[in-house]
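Each chain gets a letter, A, B and so on, in the order its sequence line appears, and its residues count up from 1. Any value given below was found using the heavy atoms of this structure, including those in side chains, with hydrogens, waters and symmetry copies removed.
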2 protein chains.
Amino acid sequence: MTRRAPTHRKPHTTQVGIDVVLFSIIDDALCVLLINRQWEPYAHVASLPGAFLRADETTQAAAQHVLRTKAGITRPVYMEQLYTFDTRGRDPRGDFPTVAYMTLVPHTAVPLGNSATTQEPHWVPVVRLPRLAFDHELIVRTAVARLRAKLEYTNIVYSLIPATFTLTRLQRVYEIILGHALDKRNFRKKYLSLGLIRATRGMERGGKQRPARLYRFVSRTPAQLKKFF
Amino acid sequence: MTRRAPTHRKPHTTQVGIDVVLFSIIDDALCVLLINRQWEPYAHVASLPGAFLRADETTQAAAQHVLRTKAGITRPVYMEQLYTFDTRGRDPRGDFPTVAYMTLVPHTAVPLGNSATTQEPHWVPVVRLPRLAFDHELIVRTAVARLRAKLEYTNIVYSLIPATFTLTRLQRVYEIILGHALDKRNFRKKYLSLGLIRATRGMERGGKQRPARLYRFVSRTPAQLKKFF
DNA sequence: AAAATAGTGTCTATAAGACATTATGTC
DNA sequence: GACATAATGTCTTATAGACACTATTTT
């Protein structure tokens, strides 16, 4: 930021929006958390949970605040800034930029149920998006694209699955997000060679079949990989 | 953006910064355009050209306006939104977010020289950055990382070189930005196989040696590639 | 033993990387 | 003809992708 010449014009200020795209895998579908708007504009239309940036708050803190108050998420999850949207005419109240964040949580981490502050949050598969308020469809599509891309060269799936998981489950998550089937043997060969996960001593029982070995991520913090999928 | 409940609190508004990282290749170095600040804070310290977002202006339009007024760039160049920075304490005048854009121009497109509005713009190799105002060093580093990454899977180099160019020159640009040497035969084999560029009938004369064939990009618009470098 | 999913290896095709010589201009 | 850069191809290695059967548990 460069300071302007000292003119006498009052500096322009604007509201800044914060929107959060919260992804989770539910019932073998990539879902996004939506709420129903209560007031105009777009009353009763689905939208992303969001807020206005408040004084002395960073956009990241604001996004975390949205997660807490709108989705009841308190545990740390993966979160990254997605993009700052400011298409003209996105909001009938006037133009202002909105900083969108993308977050990932295992579905077990999200308490659902309506409360006074939660405005009927609900999960919707991204392939069945309803009409969304503002430019939120664009935001969701951008987030899906980012998620798919990042899946290929980072380890961020760790944030979508429980601490321990079977390789079949991990592969399923990849298939759900990427939208196409993967070869079982190639997936295992490649994933194990990355060194990101390690076998535990546990087995997943409960099915009517041979139990599967449980794995876990060596590290549950974001990492970039040279080569991936 | 979700509208808040109709409280009686006045909505918070803030200034929004716009900063532009303008890259060009000059004298075989990746350079960034800096200006010298005239006023506090950080008077006489180098900084990125920037501005405050004005009323009824998109961030992209604001970035383009900065390009025009601070760097004299009128021709279309490659520009993309980089990231929105809002680290605490970046600006002693208070915290507000700043939307950074990254743009690329061939050095021939940039008229240099000081004018009333240009505050001594000058090109500085990114490997020899001086002290920068605010969090501009972080912004430049982020931009360099983005540029390097994008070089590998997009065709955006077209915006850094003249309309026609030799393969040696193109390779040089890649080497300069990536920071390491590339094999001549492998580079040509791979680049030509991508189908992004086409040989012209022209040759580059002027040296004391065998003239080199001139090529040009088939399309000078951004494109994503499946595989690249 | 039937059902259901777990788990495993080879072969082929493609891409990446190392590497040196000949060609064609200018002076 | 000396100089300077242009232009070109092969071989090796690594990675990606296709592909099918055996193993282990539950009921």
Side-chain touch L182(B)/H180(B), heavy atoms, less than 4.5 angstrom: yes

May I have the distance from E204(A) (atom CD) to dT26(D) (atom C1'), rounded to whole angstrom? 14 Å

Just how far, in rounded Å, is C1' of dT15(D) from CZ of F187(A)? 17 Å

Measure CZ/R172(B) against P/dA6(D) and give the value in whole Å, please. 12 Å

T154(A): partners by side chain to side chain contact (heavy atoms under 4.5 Å, CB included), with sequence neighbours left out: K150(A), I156(A), Q224(A)

Hey, can you pull the donor-acceptor pairs under 3.5 Å for the side chains in residues 201-219 of chain A, sequence neighbours left out?
unit_1, atom_1, unit_2, atom_2, d
R213(A), NE, T200(A), O, 3.2
S219(A), OG, T221(A), N, 3.3
S219(A), OG, T221(A), OG1, 2.7

Contact class for T166(B) (heavy atom, under 4.0 Å): base, sugar-phosphate, or nothing? nothing

Tabulate atom names and distances for all N/O pairs under 3.5 angstrom spanning the protein and nucleotides 10-14 of chain D.
unit_1, atom_1, unit_2, atom_2, d
dT10(D), O4, K189(B), NZ, 3.2

Minimum heavy-atom separation for Q171(A) to D183(A), with atom names? NE2-C, 4.0 Å

Rounded distance in Å - CG (L192(B)) to P (dA15(C)): 15 Å

Return the value, rounded to whole Å, for the distance between atom CZ of R185(B) and atom P of dA15(C). 20 Å

Applying a 4.0 Å non-hydrogen cut-off, can you work out what R188(A) is touching in the nucleic acid: base, sugar-phosphate, or nothing? base

Take nucleotides 22-27 of chain C nucleotide by nucleotide from the 5' end and write B, S or -, depending on whether a protein heavy atom sits under 4.0 Å from the base, only from the sugar-phosphate, or from neither. -BBBB-

Any residue meeting side chain to side chain contact (heavy atoms under 4.5 Å, CB included) with H44(B), in chain and number order, not counting sequence neighbours: none

Of D183(A) and R169(A), the one whose closest nucleotide on DNA chain C sits nearer the 5' end is R169(A)

In chain order, what residues pass the side chain to side chain contact (heavy atoms under 4.5 Å, CB included) check against A143(B), with sequence neighbours excluded? V21(B), F23(B), L82(B), M102(B)

In whole angstroms, the gap separating P of dT8(C) from CD of Q171(A) amounts to 14 Å

Any side-chain hydrogen bond (donor to acceptor under 3.5 Å, both in side chains) involving residues 139-148 of chain A? Give me the pairs, sequence neighbours left out, ordered by first then second residue. E80(A)-R146(A), E137(A)-R141(A)

Within the modelled atom types, does a donor on one side and an acceptor on the other bring the side chain of K184(B) and the base of dA7(D) under 3.5 Å apart? yes

Let me know the distance between CG of L225(B) and P of dA16(C), rounded to the nearest Å. 12 Å

Rounded to whole angstrom units, what separation is found between the CZ atom of R213(A) and the P atom of dA23(D)? 18 Å

Taking side chain to side chain donor-acceptor pair (under 3.5 Å) as the definition, give me every residue that meets it alongside K184(B), ordered by chain and number, with sequence neighbours left out. none

Considering only heavy side-chain atoms of T168(B), the closest of dA6(D), dA16(D), dG9(C) is dA6(D)

Using the test side chain to side chain donor-acceptor pair (under 3.5 Å), find all partners of D28(A) that sit at least two apart in sequence or belong to another chain. R169(A), R172(A)

